Amino acid sequence: MTSPDAAALGRERAAALLDHLAAGDAAAADAVLAGVDEVRELVYVGAALTSLSRTEARGLPPAQRAQANTRQLNLGAARDAARSDPAGLRTWLRRSAEELLLLRSLRAAADRIAG
């Protein structure tokens with residue numbers, strides 16, 4: 001069974017990671033994950049980012065949504081390759097957060113074009 005506290009902490013860390021990356025503060029973004037050494041805790045951050053990414057991708061035009069799905073598959077492969085390596089999982093989380101920010105910018109552009 002999933003601990004609500006662990007899931008909530010994962011969501012908080014994901015939000016902090018996104019906020020720092022969106023603000024252009026790479027050092028602060030890295031610091032969010034630097035102290036997390038447990039694979040389980042890193043996976044909760046990834047679950048939060050994945051959920052947000054899938055939600056954001058649903059609002060994209062079909063071609064961009066298909067591209068986002070391909071990128072999600074690639075991120076999944078990176079996650080799987082780093083399954084038990086905290087440093088590798090931190091890299092996956094950083095890439096996942098950057099992908100989410102990209103999706104948000106694509107959606108904002110699509111919304112502007114659509115009027």
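Basis for what follows: all heavy atoms, side chains included, without hydrogens, waters or symmetry-related copies. The structure presented is a predicted model; accordingly, all values stated were derived computationally and were not measured.
Checked against salt bridge (charged side-chain N to carboxylate O under 4.0 Å, His left out), D85 has no partners two or more places apart in sequence or in another chain. Remark: R83 pairs with D80 by the salt bridge (charged side-chain N to carboxylate O under 4.0 Å, His left out) rule, at least two apart or across chains.
Between atom CG of residue L42 and atom CG of residue D37 there is a gap of 8.0 Å, rounded to the nearest 0.5 Å. Taken from CG in L18 to CG in L100, the straight-line distance is 5.0 Å, to the nearest 0.5 Å. Taking CG of D5 as the reference point, atom CD of E12 lies at 9.5 Å (rounded to 0.5 Å). Note: R13 CZ to Y44 OH = 12.0 Å, rounded to the nearest 0.5 Å.
Under the 4.5 Å side-chain contact rule for hydrophobic residues, V45 and L9 do not share a cluster.
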Under 3.5 Å, side-chain donor or acceptor atoms of residues 52-65 against the rest of the protein: list the pairs with distances, not counting sequence neighbours.
from	atom 1	to	atom 2	distance (Å)
S53	OG	L49	O	3.1
T55	OG1	S51	O	3.0
R65	NH1	L60	O	2.8

Check residues 101-113 and write down every donor-acceptor pair under 3.5 Å in which the side-chain atom is one partner and the other belongs to a residue at least two apart or another chain.
from	atom 1	to	atom 2	distance (Å)
S105	OG	L102	O	2.8

Sequence neighbours excluded and cut-off under 3.5 Å, please list the side-chain donor-acceptor pairs for residues 70-78, or say none.
from	atom 1	to	atom 2	distance (Å)
T70	OG1	A66	O	3.2
R71	NE	E99	OE1	2.7
R71	NE	E99	OE2	2.9
R71	NH2	E99	OE2	3.2

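Of the possible donor and acceptor atoms, one in the side chain of R90 sits under 3.5 Å from a partner among the backbone N and O of V36.
For residues 18-30, the salt bridge (charged side-chain N to carboxylate O under 4.0 Å, His left out) pairs, not counting sequence neighbours, are D30-R94.
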